[in-house]
**Q** 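Quick one: the structure is below, questions incoming.
Counting starts at 1 for both ligands and their atoms, following the listed order.
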Amino acid sequence: MEKVQSDLAKVIRERRSVKNGYTDKEVPASLVKELLEDARWAPTHGMREPWRFIFISSERKSSFVEDFVSLFPKDQQEQKRETFNRPAAFLFAVMNEDPRQKQWEENFAAISCMLQNFQLLAWERDLGVCWKTPPQINDPKFREMMGVQPGEKIVGFIHLGYFDQEPKQKTRKPVDDIFSTY
Ligand SMILES: Cc1cc2nc3c(=O)[nH]c(=O)nc-3n(C[C@H](O)[C@H](O)[C@H](O)COP(=O)(O)O)c2cc1C
């Protein structure tokens with residue numbers, strides 16, 4: 001058993017993506033905002049803070065899911081409706097796309113750091129999160145539905161919900177396999 005050094009290391013190691021088994025318990029907007037208050041202290045080059053977030057509450061979920069499933073072929077809609085009604089709420093992470101490549105990459109890295117902060121903070125509060133990137137995040141019809149503007153990119157379709165059963169622990173490559181010296 002490897003020695004875990006700190007509370008932070010413990011949360012980093014124990015956090016899991018929660019992909020199913022969500023309960024019906026509501027995810028309050030106030031909690032999501034509280035988590036974002038801390039998560040936004042992620043590193044961000046040029047202090048661009050290239051992000052915004054769209055929350056879909058438990059109350060608004062079924063209306064969102066109806067709009068979302070209408071983008072799928074008719075014969076898939078019932079199954080998609082069932083699948084997307086499982087999480088209790090959603091959060092969309094939207095990045096500002098800088099036209100300059102280096103700044104675009106920095107913005108993508110910064111929002112990814114912010115999202116990992118969010119995932120860790122949520123885990124600490126027993127809120128399940130799964131950062132998802134289905135193809136629809138790049139579908140012009142879906143972007144329009146979400147009010148995403150040219151020059152913005154949906155980076156995460158984040159599923160949220162409380163859960164009863166922790167997902168099984170996953171393994172990672174040993175550090176010796178990914179570490180070398182110059
Ligand atoms: C950028 C990104 C995109 C992801 N997209 C999906 C996805 O579309 N569907 C999904 O089930 N999981 C997605 N995941 C979650 C990964 O599958 C998950 O992190 C991985 O299986 C490791 O599990 P863990 O997070 O519990 O350690 C994504 C994770 C990241 C970082």
Side-chain angles (χ1 to χ4, degrees), residues 1-2 4-23 27 32 35-36 38-45 49-56 61 64-65 68-69 71-72 76 79-98 101 104-143 145-146 148 152-175 177-178:
M1 181 81 179
E2 289 169 73
V4 173
Q5 307 254 318
S6 65
D7 289 348
L8 179 59
K10 192 171 146 64
V11 181
I12 290 171
R13 282 173 180 245
E14 290 182 357
R15 178 211 58 82
R16 292 280 68 83
S17 296
V18 178
K19 303 192 184 205
N20 41 51
Y22 302 108
T23 69
V27 179
V32 173
L35 300 176
L36 291 173
D38 289 329
R40 74 199 161 106
W41 291 91
T44 164
H45 196 194
E49 301 179 65
W51 47 59
R52 70 182 180 94
F53 297 87
I54 304 167
F55 179 59
I56 303 196
K61 184 184 74 176
F64 162 78
V65 171
F68 183 56
V69 301
L71 302 174
F72 288 84
Q76 293 179 20
Q79 188 256 319
K80 296 289 176 193
R81 183 176 289 114
E82 202 268 316
T83 303
F84 285 99
N85 268 304
R86 286 183 202 155
F90 298 103
L91 186 69
F92 284 87
V94 181
M95 165 188 134
N96 295 336
E97 291 197 281
D98 197 293
Q101 185 183 350
W104 191 100
E105 288 169 2
E106 289 166 357
N107 286 0
F108 191 71
I111 194 169
S112 300
C113 291
M114 162 128 189
L115 285 176
Q116 175 64 351
N117 283 351
F118 180 85
Q119 296 196 101
L120 294 171
L121 291 159
W123 185 258
E124 207 175 39
R125 303 286 290 269
D126 299 323
L127 173 64
V129 173
C130 189
W131 177 352
K132 296 212 176 193
T133 47
Q136 289 76 26
I137 61 175
N138 294 314
D139 176 346
K141 285 199 206 110
F142 183 60
R143 287 170 52 91
M145 176 187 137
M146 297 305 295
V148 171
E152 291 188 314
K153 175 177 174 59
I154 300 174
V155 169
F157 182 168
I158 298 164
H159 295 202
L160 301 172
Y162 292 93
F163 56 98
D164 290 329
Q165 253 201 317
E166 265 190 33
K168 283 208 178 77
Q169 199 189 20
K170 299 200 171 167
T171 57
R172 295 295 194 263
K173 294 176 195 165
V175 171
D177 290 4
I178 56 166

**Q** In a check of ring-ring contact (aromatic ring centres under 6.0 Å, His included) between F92 and each of F64, F53, W131, F55, which one passes?
**A**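 Testing each of F64, F53, W131, F55 against F92, the sole residue satisfying ring-ring contact (aromatic ring centres under 6.0 Å, His included) is F64.
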**Q** Among all the protein's non-hydrogen atoms, which is closest to atom 20 (C) of ligand 1, and how far away is it?
**A**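 Looking only at protein heavy atoms, the one closest to atom 20 (C) of ligand 1 is K170 NZ, 3.8 Å.
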**Q** Any idea which protein heavy atom is nearest atom 13 (C) of ligand 1, and the distance to it?
**A**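 Ranked first by proximity to atom 13 (C) of ligand 1 is W131 O, 3.1 Å.
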**Q** Classify the contact between R16 and ligand 1 as side chain, backbone, both or neither, using a heavy-atom distance cut-off of under 4.0 Å.
**A**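 Both backbone and side chain.
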**Q** Mind listing the closest non-hydrogen atom pair of G161 and V27 along with its distance?
**A**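 In this case the closest contact between G161 and V27 is CA-CG2, 4.1 Å.
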**Q** Quick one: are the ring centres of F157 and F68 less than 6.0 Å apart?
**A**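 Between F68 and F157, which both carry aromatic rings, the centre distance is below 6.0 Å.
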**Q** Name the option, out of K19, Q116, R15, that contains the heavy atom nearest to atom 16 (C) of ligand 1.
**A**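 Among K19, Q116, R15, the closest heavy atom to atom 16 (C) of ligand 1 comes from K19.
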**Q** Heavy-atom contact check, 4.0 Å cutoff: does Q119 meet ligand 1?
**A**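 No; Q119 lies far enough from ligand 1 that no heavy-atom distance drops under 4.0 Å.
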**Q** Which residue supplies the protein heavy atom nearest to atom 8 (O) of ligand 1, what is that atom called, and how far is it?
**A**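 Result: T133 N, 2.9 Å.
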**Q** What part of C130, side chain from CB on, backbone N/CA/C/O, both or neither, has a heavy atom under 4.0 Å from ligand 1?
**A**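 Just the side chain.
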**Q** For R172, counting its heavy atoms only, list the atoms of ligand 1 lying under 4.0 Å from any of them.
**A**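 So the answer, numbered in order with elements, is 27 (O).
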**Q** Considering non-hydrogen atoms only, spot the tightest contact between F72 and Q76 and give its length.
**A**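 Closest approach of F72 to Q76, heavy atoms only: CD2-OE1, 3.5 Å.
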**Q** Non-hydrogen atoms of Q169 versus ligand 1: any pair closer than 4.0 Å?
**A**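 Per 4.0 Å heavy-atom rule, Q169 does not contact ligand 1.
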**Q** How are the rings of Y22 and H159 set to each other: parallel, tilted or perpendicular (split at 30° and 60°)?
**A**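 Judged by the thresholds at 30° and 60°, the geometry between Y22 and H159 is tilted.
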**Q** Return the minimal non-hydrogen interatomic distance between E97 and W104, and the atom names on each side.
**A**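 Heavy atoms of E97 and W104 come nearest at OE2-NE1, 2.8 Å.
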**Q** Closest non-hydrogen protein atom to atom 25 (O) of ligand 1, residue and atom name please, with distance?
**A**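 For atom 25 (O) of ligand 1, the nearest protein heavy atom is S17 OG, 2.6 Å.
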**Q** Does either side chain, that of Q119 or that of Q116, offer a donor lying less than 3.5 Å from an acceptor on the other one?
**A**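 Yes, a side-chain donor-acceptor pair sits under 3.5 Å.
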